Amino acid sequence: MSESKGFHLGTIGALSLSVVSSVSIVICNKALMSTMHFNFATTLTSWHLLVTFCSLHVASWMRFFEHKPIDSRTNIGFGILNGISIGLLNLSLGFNSVGFYQMTKLAIIPCTVLLETLFLSKTFSRSIKFCLTILLIGVGIATVTDLQLNALGSVLSLLAVLTTCVAQIMTNTIQKKFKITSTQLLYQSCLYQAMTLFIIGPFLDRQLTNQNVFAFNYTTRVTVFIILSCLISVSVNFSTFLVIGKTSPVTYQVLGHLKTCLVLTFGYVLLHDPFSWKNIMGILVALVGMVSYSYYCSLESQKRTSEATIQAQTEEIESDPLLRMEIGSRAVNDITVPRDPASKSAKDFYA
């Protein structure tokens, strides 16, 4: 019981850390890109991952966690795939309208559900699917504005969705397969992610902005915000792996849409971004879907826990012959043997 309580507290902590750090870095990057016109998102992400690797390397050296090597082919492939998925998402935003890009992000949840069902034989109840549908409708109402389609943008969006889904599913399965923590996996893979983005980042950013990241005017203010963004990213990257490892890729995507709603709200309150009743209605519908999803996930988690406890007790009884004999003897003693009516009548006769 205490282990289950500790697991739930750890999950709540991971979810809270992910929300706070993600919303913080979005606000920081929005100021960096909108106000200071530093629009090199892919290169900035590579710097985030390099700082994350250096931070974890120091933490490993100070023995805050144990370095546990895994299969190098899996590690390198996973790191490169993560880097490519980030690059494709940025390209999708660059070659599509904002509305179509939001639709691309919405497509990640149903695609993840489909892939896990087909290849991992995972089942999702009707209640969960219904809650996810409500959530996607709400986020769609709140964020999707225009839908301008083009062939190249559509292909890039499709590739971005597929690579993101596979990378997030692998984040969960690798941790379970190799019995490693989120910190150990992040430490081993983020250097390959960083190098992938560091190589392709300047080229992609130049294609999207027509500017050279190395020729940008790095004022003191810009440099301070870049450093702040990199420091916050350590928490963002850590919490991402932690949430996916403790929950699932679908839950992480649901959490991502919660962050979107919070960012819209903070943008209106703090930055006075334009806001409409359509945004408000969409956020409320999305929150209904999120709360319902959390409720049914909690119910199913409790059901699985109770079933696992019963199964473990059954296996313990079957594996221990003394315990099985004791339970059998109790069952025999609890049985009341009925008296023979004939013996009772004979006793009355002799009396």
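Counting from 1, the numbers follow the sequence of the chain as shown. Just so you know, these numbers use all the heavy atoms, side chains as well, and skip hydrogens, waters and symmetry mates. Source: prediction; values computed, not measured.
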How would you list all residue pairs meeting side-chain hydrogen bond (donor to acceptor under 3.5 Å, both in side chains) that involve residues 159-168, not counting sequence neighbours?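 Non-adjacent pairs meeting side-chain hydrogen bond (donor to acceptor under 3.5 Å, both in side chains): Q168-Q253.
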
Work out which heavy atom in [X] is nearest to a heavy atom in [Y]; give both atom names and the distance.
| X | Y | result |
| --- | --- | --- |
| F198 | S46 | N-CB, 3.5 Å |
| A142 | N279 | O-ND2, 2.7 Å |
| S229 | I25 | O-CD1, 3.5 Å |
| V250 | E116 | CG2-OE1, 3.9 Å |
| S157 | T104 | OG-OG1, 3.2 Å |
| S21 | S235 | CB-OG, 3.3 Å |

Backbone of [Y] reached by a side-chain donor or acceptor of [X] within 3.5 Å:
| X | Y | value |
| --- | --- | --- |
| N96 | G153 | yes |
| S92 | L88 | no |
| Q175 | F241 | yes |
| Q188 | I70 | yes |
| N29 | L32 | no |
| T171 | A167 | yes |

Do [X] and [Y] share a hydrophobic cluster, counting only Ile, Leu, Val, Met, Phe, Trp and Tyr and linking them when any side-chain heavy atoms are less than 4.5 Å apart?
| X | Y | value |
| --- | --- | --- |
| F238 | L49 | no |
| L262 | V254 | yes |
| L120 | M170 | yes |
| L185 | V236 | no |
| I84 | I169 | no |

Would the number of heavy atoms belonging to other residues, nucleotides or ligands and lying under 6.0 Å from CZ of F124 be above 12? yes

Quick check on K177: does its NZ atom have over 12 non-hydrogen neighbours (other residues, nucleotides or ligands) under 6.0 Å away?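 Count not over threshold, so no.
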
N/O donor to acceptor pairs below 3.5 angstrom from side-chain atoms of residues 55-67, sequence neighbours left out:
unit_1 : atom_1 : unit_2 : atom_2 : d
S55    : OG     : V51    : O      : 2.8
H57    : ND1    : Y187   : OH     : 2.7

Only distances under 3.5 Å count here; give the side-chain donor-acceptor pairs of residues 125-137 to other protein atoms, sequence neighbours excluded, each with its distance to 0.1 Å.
unit_1 : atom_1 : unit_2 : atom_2 : d
S125   : OG     : I128   : N      : 3.3
S125   : OG     : E300   : OE2    : 2.5
T133   : OG1    : K129   : O      : 2.8

How about [X] and [Y]: does a side-chain donor come under 3.5 Å of a side-chain acceptor?
| X | Y | value |
| --- | --- | --- |
| S22 | K259 | yes |
| S189 | N82 | no |
| T52 | N237 | yes |

Is there a side-chain contact between [X] and [Y], using heavy atoms and a 4.5 Å cut-off?
| X | Y | value |
| --- | --- | --- |
| K105 | Y101 | yes |
| H257 | L106 | yes |
| N75 | D71 | no |
| Q211 | D205 | no |
| T74 | F178 | yes |
| T35 | R221 | yes |
| L208 | F95 | yes |
| F38 | Y218 | yes |

Approximate separation, where rounding is to 0.5 Å, of [X] [atom1] and [Y] [atom2]:
| X | Y | atom1 | atom2 | value |
| --- | --- | --- | --- | --- |
| K303 | Y296 | NZ | OH | 13.0 Å |
| I86 | T196 | CD1 | OG1 | 9.5 Å |
| T209 | M33 | OG1 | CE | 10.5 Å |
| Q207 | I200 | CD | CD1 | 12.0 Å |
| L162 | I108 | CG | CD1 | 10.0 Å |
| T219 | N217 | OG1 | CG | 6.0 Å |

L231 and I227: side-chain contact (heavy atoms from CB on, under 4.5 Å), yes or no, with the steps? CA-CA 6 Å; L231 292 176; I227 293 173; 4.1 Å; yes

Taking only residues two or more places apart in sequence, or in another chain, which ones meet Y252 in a ring-ring contact (aromatic ring centres under 6.0 Å, His included)? none

Sole candidate of L115, T173, N172 that passes side-chain contact (heavy atoms from CB on, under 4.5 Å) when paired with P249: N172

Holding to side chain to side chain donor-acceptor pair (under 3.5 Å), I want the full list of residues that pass it with N212, two or more places apart in sequence or in another chain.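 Per chain and number, N212 pairs via side chain to side chain donor-acceptor pair (under 3.5 Å) with no residue.
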
Distance-only check: which donor-acceptor pairs under 3.5 Å involve side-chain atoms of residues 282-294, not counting sequence neighbours?
unit_1 : atom_1 : unit_2 : atom_2 : d
S292   : OG     : V288   : O      : 2.8
Y293   : OH     : T251   : OG1    : 2.8
S294   : OG     : M290   : O      : 3.0

Does the pair K122 and T117 meet the rule for a side-chain contact (heavy atoms from CB on, under 4.5 Å), with working shown? CA-CA 5 Å; K122 187 173 181 178; T117 302; 5.5 Å; no

Are F216 and F214 an aromatic pair by the rule of ring centers under 6.0 Å?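 Between F216 and F214, the centre distance exceeds or equals 6.0 Å.
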
